[in-house]
Amino acid sequence: MTTSFYAPPTAFHGGRVVLPEDEATHAVRVLRHRPGDEIVVVDGAGGWHRVRLDHVDRRRAAGTVVETRRGVGEPAYRLSIGLGLIKQRSRFETFLEKATELGVAEIVPLVTERTEKAGYNAARAEKLLVAAMKQCGRTVLAALRDPTPLAEVLDDASPALRLLAHEAAGPHQALGTVLARHSGAETIRVLVGPEGGFSDAEVGAAEAAGYGVVSLGPRRLRAETAGIVVAAAVQLAHP
């Protein structure tokens with residue numbers, strides 16, 4: 001399997017690319033690439049680039065783009081998942097990695113009535129997202145928003161299909177069933193609560209904002225597991 005490297009769009013100029021220092025170090029000192037070798041570089045904005053290296057030293061690697069493709073590894077839909085912030089950092093980071101692998105375009109850390117943590121390590125989260133994007137063969141870096149109050153998310157009516165996962169929803173409101181009824185939706189947002197879920201008032205506010213309440217099954221799931229289930233269900237509904 002070809003190892004992908006990451007360079008943001010700003011690293012590309014006139015058909016050439018200079019890898020960021022950490023990526024160059026990995027290419028040169030770990031994988032021992034040399035001038036003339038071809039590598040794959042993704043830019044996080046949908047670009048897949050085949051690059052022929054022509055300058056290599058201990059801290060720098062640069063080359064010429066010989067082929068570019070768009071949207072490699074990306075789904076035809078745009079999925080945004082709002083996930084209530086999780087107290088344990090490792091569990092939130094697990095969700096970031098798996099959401100990337102499952103094609104999620106946007107991750108919104110939600111601040112809700114039952115949220116117990118106010119934020120996350122943004123620099124570490126960015127590194128995790130980049131690593132997951134390269135590993136799974138995507139070309140778009142999932143957007144990770146700042147922690148956002150639930151009310152602010154509900155004000156955004158732009159996604160065509162808006163859903164909220166809630167354990168009180170009945171079997172007739174199963175996520176898979178709802179997705180099958182809206183198979184043509186190209187923009188989707190699903191909200192998942194933190195430990196303890198959403199309050200009744202929050203569920204009511206979401207319904208008033210046009211969100212459909214859905215069930216993720218008969219068992220109580222951890223927040224990050226619920227988010228992963230949502231991403232997998234949407235992927236299976238949109239092959």
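Here the structure is a predicted model, which is why all the values come from computation and not from measurement. Quick note: numbers below take in every heavy atom, side chains included, and nothing from hydrogens, waters or symmetry partners.
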Does atom [atom1] of [X] have more than 12 heavy-atom neighbours, drawn from other residues, nucleotides or ligands, at distances under 6.0 Å?
X: Arg222; atom1: CZ; result: no
X: Glu38; atom1: CD; result: yes
X: Arg32; atom1: CZ; result: no

Using a strict 4.0 Å threshold on nitrogen-to-oxygen distance, state whether [X] and [Y] make a salt bridge.
X: Glu186; Y: Arg78; value: no
X: Glu74; Y: Arg138; value: yes
X: Arg16; Y: Asp54; value: yes

Answer with yes or no whether the hydrophobic clustering places [X] together with [Y]; edges join I, L, V, M, F, W, Y residues whose side-chain heavy atoms lie under 4.5 Å apart.
X: Leu79; Y: Val214; answer: yes
X: Val190; Y: Tyr211; answer: no
X: Leu164; Y: Val229; answer: no
X: Val230; Y: Leu161; answer: yes
X: Val104; Y: Val130; answer: yes

Q: Would you please say whether a donor-acceptor pair under 3.5 Å links the side chains of Glu224 and Thr94?
A: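 No pair is found: no donor N or O on one side chain lies under 3.5 Å from an acceptor on the other.
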
Taking C-beta and beyond as the side chain, do [X] and [Y] meet within less than 4.5 Å on heavy atoms?
X: Phe95; Y: Ile107; value: yes
X: Leu144; Y: Glu126; value: no
X: His26; Y: Asp22; value: no
X: Glu202; Y: Asp200; value: no
X: Arg58; Y: Arg29; value: yes
X: Arg60; Y: Glu21; value: no
X: Thr68; Y: Trp48; value: no
X: Leu163; Y: Leu175; value: yes

Taking all atoms of both residues into account, what is the closest heavy-atom pair of [X] and [Y], and its distance?
X: Leu85; Y: Tyr120; value: CD2-CD2, 4.2 Å
X: His182; Y: His238; value: O-NE2, 4.4 Å
X: Gly193; Y: Ala223; value: O-CB, 3.5 Å
X: Val192; Y: Leu110; value: O-CD1, 3.9 Å
X: Val213; Y: Glu207; value: CG2-OE2, 3.4 Å
X: Pro194; Y: Thr112; value: CG-OG1, 3.3 Å

Going from [atom1] on [X] to [atom2] on [Y], what distance comes out if it is rounded to the nearest 0.5 angstrom?
X: Thr187; Y: Arg162; atom1: OG1; atom2: CZ; result: 9.0 Å
X: Gln135; Y: Leu128; atom1: CD; atom2: CG; result: 12.5 Å
X: Leu96; Y: Arg89; atom1: CG; atom2: CZ; result: 11.5 Å
X: Asp156; Y: Ser80; atom1: CG; atom2: OG; result: 8.0 Å
X: Thr115; Y: Ile86; atom1: OG1; atom2: CD1; result: 10.0 Å
X: Leu191; Y: His166; atom1: CG; atom2: NE2; result: 12.5 Å

Donor-acceptor pair, side chain of [X] and main chain of [Y], under 3.5 angstrom:
X: Arg189; Y: Pro159; answer: no
X: Asp37; Y: Arg34; answer: yes
X: His172; Y: Ala169; answer: no

Q.
Using the rule salt bridge (Lys or Arg N to Asp or Glu O under 4.0 Å), only one of Arg59, Lys134, Lys127 pairs with Glu23; which is it?
A.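 Running salt bridge (Lys or Arg N to Asp or Glu O under 4.0 Å) over Arg59, Lys134, Lys127 with Glu23 returns exactly one hit, Lys134.
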
Q.
Using the salt bridge (Lys or Arg N to Asp or Glu O under 4.0 Å) definition, which of the options Arg91, Lys117, Lys87 pairs with Glu195?
A.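 Going through the options one by one, the only one that passes is Arg91.
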
**Q.** Set of salt bridge (charged side-chain N to carboxylate O under 4.0 Å, His left out) partners for Glu97, sequence neighbours left out
**A.**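 Listed in chain order: nothing, the list is empty.
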
Q: For Val153 and Val108, run side-chain contact (heavy atoms from CB on, under 4.5 Å): C-alpha distance rounded to whole Å, both residues' side-chain angles, the deciding distance at 0.1 Å, then the answer.
A: CA-CA 9 Å; Val153 176; Val108 186; 3.9 Å; yes

Q | Ile228/Leu102 under side-chain contact (heavy atoms from CB on, under 4.5 Å): CA gap, chis, key distance, verdict | A | CA-CA 8 Å; Ile228 294 168; Leu102 290 165; 4.0 Å; yes

Q) Gln173 and Ser215: side chain to side chain donor-acceptor pair (under 3.5 Å), yes or no, with the steps? A) CA-CA 6 Å; Gln173 297 168 291; Ser215 168; over 6 Å; no

Q) Which ILVMFWY residues can you reach from Val17 by hopping between side chains whose heavy atoms are under 4.5 Å apart? A)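 Val17 shares its hydrophobic cluster with Phe5, Phe12, Leu19, Val28, Val30, Leu31, Ile39, Val41, Val51, Leu53, Val56, Val65.
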
